[in-house]
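Side chains included, hydrogens not; waters and symmetry mates left out as well; all remaining heavy atoms used. Counting convention: from 1, in listed order, for ligands and their atoms alike.
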Amino acid sequence: MLNLALLALVHLASATNPISTPNGVYNSSTTPSSFPWNTYNYCNAPHVNAEHYNRPSVEGAELVYMNVMFRHHKRTPDNLYPNENGLNPAAGWNCSNFIQFNYGGGTAHVNHQVVIPPSHPFLTQIWNGTCDQGTLTQEGLEDAIKHGRDFWSVYHDTVGFLPTVNPKDLYIRTSVSDRTYQVAGGLLYGMNPAYAGEAFTVYTQPTNIDSLVPDYDCPLADNLRNAYQSVPAWTDHLNANAALQARLGETTGTSNLSAWTSWYDHYFDTFTSRTCAGHPLPCNATTGACVSEQDAATVFAIGDFEYNYIWHSAQNASNYTALTFGVMFSELAVNFKSFQAGSERYKARLYVGHDGSMIRLASGLGLGKIATLRWPALGSEMAMEVWKANGKNFVRVMHEGTPVQTLSWVPLTDFISLLESQVPPDLYNTCMDV
Ligand SMILES: *[C@@H]1O[C@H](CO)[C@@H](O)[C@H](O)[C@H]1NC(C)=O
Ligand SMILES: *[C@@H]1O[C@H](CO)[C@@H](O)[C@H](O)[C@H]1NC(C)=O
Ligand SMILES: *[C@@H]1O[C@H](CO)[C@@H](O)[C@H](O)[C@H]1NC(C)=O
Ligand SMILES: *[C@@H]1O[C@H](CO)[C@@H](O)[C@H](O)[C@H]1NC(C)=O
Ligand SMILES: *[C@@H]1O[C@H](CO)[C@@H](O)[C@H](O)[C@H]1NC(C)=O
Ligand SMILES: *[C@@H]1O[C@H](CO)[C@@H](O)[C@H](O)[C@H]1NC(C)=O
Ligand SMILES: *[C@@H]1O[C@H](CO)[C@@H](O)[C@H](O)[C@H]1NC(C)=O
């Protein structure tokens with residue numbers, strides 16, 4: 001069993017290193033009952049649920065509209081080591097335990113299963129088993145179903161806001177990744193098991209202009225980020241942890257590969273995907289060296305530091321976030337404005353995105369000013385509720401199931417202004433004219 005939960009705050013590496021071991025769970029979707037229910041759990045974020053949900057304390061307040069953004073649930077690693085096969089248990093990863101459908105309406109219900117033929121000359125580059133990279137696992141699908149059930153326990157059972165799972169009431173947008181479609185299906189099925197096998201349309205944008213991931217080009221934003229990842233505020237943490245990086249590089253065969261050494265993103269992904277799935281940390285079959293729990297815990301802490309730096313605390317990070325998520329902030333503003341104008345035809349809009357969606361949303365809404373931002377956990381949730389009280393509309397934002405201090409009751413107009421403040425003027429030309 002991996003010993004990664006609730007480690008004490010300990011300063012590592014050196015006195016000038018800003019990285020501390022984080023509090024949280026990284027090895028199970030279930031937060032131990034001895035911990036507060038809303039403890040950070042990277043494998044399965046806390047979210048709105050009937051047991052811990054309170055209506056606003058304003059008398060007569062009625063929920064009238066909402067937008068919610070989620071991150072998908074547990075998946076296989078998105079990043080692969082150069083010699084991936086040797087760093088996994090013999091059985092590898094199993095993705096044949098739920099059916100992966102992809103078919104054209106009105107035709108045969110084609111589904112696909114990944115095969116890895118033993119004679120394939122490039123076998124060293126992939127694990128054994130039946131999984132591609134970045135594939136939602138069965139456990140991830142189960143977490144999505146539970147998430148849908150919890151969502152329903154609040155917005156149907158407790159508040160009575162959503163009467164049925166109805167495409168006329170619910171607009172769902174996802175990215176073009178299978179795992180976001182599958183999580184949307186899991187959420188819907190969790191809301192109403194009668195949806196098993198039913199068709200439900202989710203909406204996507206073309207990959208190259210998708211605002212949810214986000215995936216649209218913004219060279220100005222790239223330049224800003226490159227600049228603030230070239231200054232000591234960033235490079236100090238890489239230098240302070242050089243011994244860690246050398247160790248990880250030797251064990252996983254990634255030494256001197258810039259995708260792995262310029263930040264800890266790939267180690268974070270490849271370690272958490274394993275620990276959340278109950279797999280061991282990578283062990284090098286040749287040398288016998290394994291990534292230690294202590295090193296993994298340090299990587300998790302560095303991941304939090306990097307996410308907070310890139311999307312919130314770096315000089316120009318707020319510009320970067322606004323440039324790269326401005327299109328999405330604009331879409332959200334349009335949604336709330338059309339609700340305000342009485343022209344919104346949906347009761348709720350749900351977005352199933354990625355960690356890059358959640359961190360930008362959190363940063364743009366000002367959450368980084370309340371507490372250091374952490375890497376958005378799997379199943380992370382931001383629910384933006386509109387309540388009507390005394391004839392006026394107010395917004396309450398729930399992050400990971402708990403009201404956001406600064407956004408627990410703000411006039412709808414102010415919330416729309418906050419969203420619009422995150423949309424740089426003339427965004428296309430601003431991005432492109434560099
Ligand atoms: C996760 O870590 C905790 C505490 O470090 C340990 O008690 C628990 O058994 C581990 N759980 C799993 C599923 O590995
Ligand atoms: C993967 O399976 C092959 C046999 O198909 C085996 O030779 C190899 O050792 C396995 N990989 C690992 C990491 O055990
Ligand atoms: C994968 O999971 C399915 C369903 O639980 C099981 O039938 C199958 O044997 C597993 N495959 C492997 C290779 O473990
Ligand atoms: C932030 O942007 C300004 C204006 O372009 C620039 O002068 C400054 O160096 C940037 N800061 C960092 C840390 O990149
Ligand atoms: C195991 O370690 C050696 C020495 O650092 C390295 O060359 C090799 O790539 C590693 N193996 C794997 C499977 O990454
Ligand atoms: C990585 O680069 C360092 C410094 O350039 C060098 O000493 C080391 O041998 C390199 N390691 C590998 C595995 O290429
Ligand atoms: C950053 O945003 C501020 C406020 O919107 C703006 O005044 C400034 O010009 C932007 N800086 C860069 C480098 O884009």
Side-chain angles (χ1 to χ4, degrees), residues 74-77 79-100 111-118 122-132 135-142 218-238 243-257 259-263 266-267 270-271 274 277-292 295 305-306 308-324 424 430-431 433-434:
K74 295 195 291 195
R75 55 158 171 69
T76 62
N79 300 285
L80 298 173
Y81 301 118
N83 187 355
E84 181 65 45
N85 193 277
L87 295 163
N88 289 275
W93 288 83
N94 190 345
C95 288
S96 52
N97 34 23
F98 72 87
I99 301 175
Q100 310 270 341
N111 60 80
H112 75 278
Q113 189 170 319
V114 170
V115 291
I116 303 174
F122 290 75
L123 280 185
T124 56
Q125 295 186 357
I126 193 68
W127 43 62
N128 287 347
T130 51
C131 293
D132 206 334
T135 303
L136 191 75
T137 57
Q138 163 141 50
E139 292 75 19
L141 185 62
E142 283 164 9
C218 188
L220 172 62
D222 297 342
N223 292 349
L224 288 177
R225 180 168 164 183
N226 286 338
Y228 64 70
Q229 286 187 231
S230 307
V231 296
W234 173 265
T235 52
D236 278 355
H237 89 285
L238 297 178
L244 168 70
Q245 187 162 101
R247 214 157 43 234
L248 298 177
E250 275 165 30
T251 303
T252 66
T254 51
S255 302
N256 300 346
L257 298 177
W260 295 80
T261 58
S262 60
W263 62 339
H266 291 17
Y267 292 122
T270 52
F271 297 171
R274 284 169 165 79
H279 287 209
L281 289 163
C283 282
N284 185 308
T286 314
T287 65
C290 295
V291 172
S292 70
D295 280 353
F305 168 81
E306 292 186 346
N308 186 65
Y309 180 84
I310 294 168
W311 285 282
H312 169 67
S313 75
Q315 186 184 15
N316 302 331
S318 55
N319 295 78
Y320 177 77
T321 295
L323 289 165
T324 55
T430 304
C431 274
D433 291 347
V434 292

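- Residue-ligand proximity, N284 to ligand 5, at heavy-atom distances under 4.0 Å covers atoms 1 (C), 2 (O), 3 (C), 8 (C), 10 (C), 11 (N), 12 (C).
- Every atom of ligand 5 is numbered from 1 in the order shown, and the set under 4.0 Å from a heavy atom of T287 is 2 (O).
- In this view, E139 satisfies the salt bridge (Lys or Arg N to Asp or Glu O under 4.0 Å) rule with no residue, not counting sequence neighbours.
- For the side chain to side chain donor-acceptor pair (under 3.5 Å) test with Y267, the passing option among T261, D295, N79, T254 is T254; the others fail.
- In the vicinity of Y228, heavy-atom distances shorter than 4.0 Å reach the ligand 4 atoms 13 (C), 14 (O).
- Across all their heavy atoms, N284 and E250 have their closest contact at ND2-O, 3.8 Å.
- Under the 3.5 Å distance criterion, the side-chain polar atoms of T76 are matched with a main-chain donor or acceptor of D132.
- For T137, the side-chain hydrogen bond (donor to acceptor under 3.5 Å, both in side chains) test picks out no residue, with sequence neighbours left out.
- The A227 neighbourhood of ligand 4 comprises atoms 14 (O), with distances under 4.0 Å to a heavy atom of that residue.
- Ring centroid separation for the pair W234 and Y228 does not come in under the 6.0 Å cut-off.
- Checked by distance only, ligand 5 and N83 stay at 3.5 Å or farther apart across all their nitrogen or oxygen atoms.
- Sorted by chain and number, the residues within 4.0 Å of ligand 3 by heavy atom are N94, S96, N97.
- Put simply, the side chain of S96 never gets that close to the backbone of T130: no donor and acceptor are under 3.5 Å apart.
- Residue-ligand proximity, T252 to ligand 5, at heavy-atom distances under 4.0 Å covers atoms 14 (O).
- Distance check, rounded to the nearest 0.5 Å: SG of C131 to CD1 of I116 gives 8.0 Å.
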I'd like a table of donor-acceptor pairs (distance under 3.5 Å, sequence neighbours excluded) in which one partner is a side-chain atom from residues 80-91, with atom names and distances.
unit_1: Y81; atom_1: OH; unit_2: T270; atom_2: OG1; d: 2.6
unit_1: E84; atom_1: OE1; unit_2: Y81; atom_2: N; d: 2.8
unit_1: E84; atom_1: OE2; unit_2: N88; atom_2: ND2; d: 2.8
unit_1: E84; atom_1: OE2; unit_2: R274; atom_2: NH2; d: 2.7
unit_1: N85; atom_1: ND2; unit_2: I126; atom_2: O; d: 2.8
unit_1: N85; atom_1: ND2; unit_2: N128; atom_2: OD1; d: 2.9
unit_1: N88; atom_1: OD1; unit_2: W93; atom_2: NE1; d: 3.3
unit_1: N88; atom_1: OD1; unit_2: R274; atom_2: NH2; d: 3.1
unit_1: N88; atom_1: ND2; unit_2: E84; atom_2: O; d: 2.7

